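Beneath this line is the structure, given in structure tokens, with notes to follow.
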Amino acid sequence: MKIYWSYKSYKSIPELTNLKPEVARQFWNNGCYQASLHWQVRGSLLLGAVIAGLFGVIGVTLQDKFDFDSMIGLKHFSVAISTGVGALIGGLIYTQTMVSHARSHIREYIQTHKEG
């Protein structure tokens, strides 16, 4: 499985590589809109927020248990770092789900516009 690091980088989507940039962007935007209507994509966005929140709780626990903040000298540093890591993981899950669903819609959209 290929990992797409940014769902905005439509140039890395195989279905769009042979198209003009304006057309590829139009197809990409349409595919993303259609994908955003799927419950799986919306669920992955919610899952990403939950993961970030859980990592934030882990950061609070680490802060209270080990007192990292006084060692480093920055207030809430462990909470910020752990929440950021959780947000990155959640964002990666969301991006993969979005691109997967958008690609299927892009294929349909290309077939529709080739025939018409």
Side-chain angles (χ1 to χ4, degrees):
M1 176 177 131
K2 181 175 179 177
I3 294 179
Y4 295 95
W5 294 103
S6 170
Y7 69 89
K8 296 273 185 190
S9 63
Y10 59 87
K11 295 174 185 172
S12 65
I13 306 297
E15 291 83 359
L16 302 176
T17 54
N18 297 328
L19 300 174
K20 293 179 185 176
E22 309 84 45
V23 176
R25 192 174 298 115
Q26 177 189 3
F27 284 13
W28 176 245
N29 288 338
N30 181 275
C32 284
Y33 172 74
Q34 294 296 324
S36 69
L37 301 176
H38 284 268
W39 69 268
Q40 295 95 335
V41 175
R42 291 181 181 188
S44 69
L45 184 60
L46 179 63
L47 177 65
V50 168
I51 290 172
L54 288 175
F55 271 73
V57 169
I58 290 170
V60 169
T61 305
L62 291 174
Q63 174 185 349
D64 292 343
K65 187 169 184 173
F66 298 109
D67 200 25
F68 284 129
D69 295 341
S70 64
M71 287 185 234
I72 300 171
L74 298 171
K75 192 172 183 179
H76 305 298
F77 181 75
S78 59
V79 177
I81 293 297
S82 61
T83 304
V85 169
L88 286 172
I89 293 169
L92 183 64
I93 292 169
Y94 169 72
T95 301
Q96 300 314 302
T97 307
M98 173 64 99
V99 170
S100 172
H101 282 79
R103 285 184 67 193
S104 66
H105 286 289
I106 289 167
R107 284 191 288 271
E108 291 174 19
Y109 197 68
I110 289 172
Q111 287 300 324
T112 303
H113 283 74
K114 277 187 179 178
E115 294 169 1

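These numbers come from a predicted model, not from an experiment.
Between C32 and A102, the shortest heavy-atom contact is N-CB, 4.1 Å.
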Donor-acceptor contacts under 3.5 Å from residues 43-61 side chains, at least two apart:
| unit_1 | atom_1 | unit_2 | atom_2 | d |
| --- | --- | --- | --- | --- |
| S44 | OG | V41 | O | 2.7 |
| T61 | OG1 | V57 | O | 2.9 |

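When the salt bridge (Lys or Arg N to Asp or Glu O under 4.0 Å) test is applied to R42, no partner is found at least two apart in sequence or on another chain. With sequence neighbours excluded, the residues satisfying ring-ring contact (aromatic ring centres under 6.0 Å, His included) with H38 are H101, H105. Not counting sequence neighbours, the partners of S36 by the side chain to side chain contact (heavy atoms under 4.5 Å, CB included) test are Y33, M98. Residues passing the ring-ring contact (aromatic ring centres under 6.0 Å, His included) test with F27 are Y109, H113, sequence neighbours excluded. In this structure E15 satisfies the side chain to side chain donor-acceptor pair (under 3.5 Å) test together with R103, R107, sequence neighbours excluded.
Going from atom CG of L16 over to atom CD1 of I106 covers 4.5 Å, rounded to the nearest 0.5 Å. The distance from atom CD1 of I81 to atom CG of L62, rounded to the nearest 0.5 Å, is 12.0 Å.
In this structure, T83 contributes its side chain and A80 its backbone to no donor-acceptor pair below 3.5 Å. Distance alone, capped at 3.5 Å, is enough to place a donor-acceptor pair between the T112 side chain and the E108 backbone.
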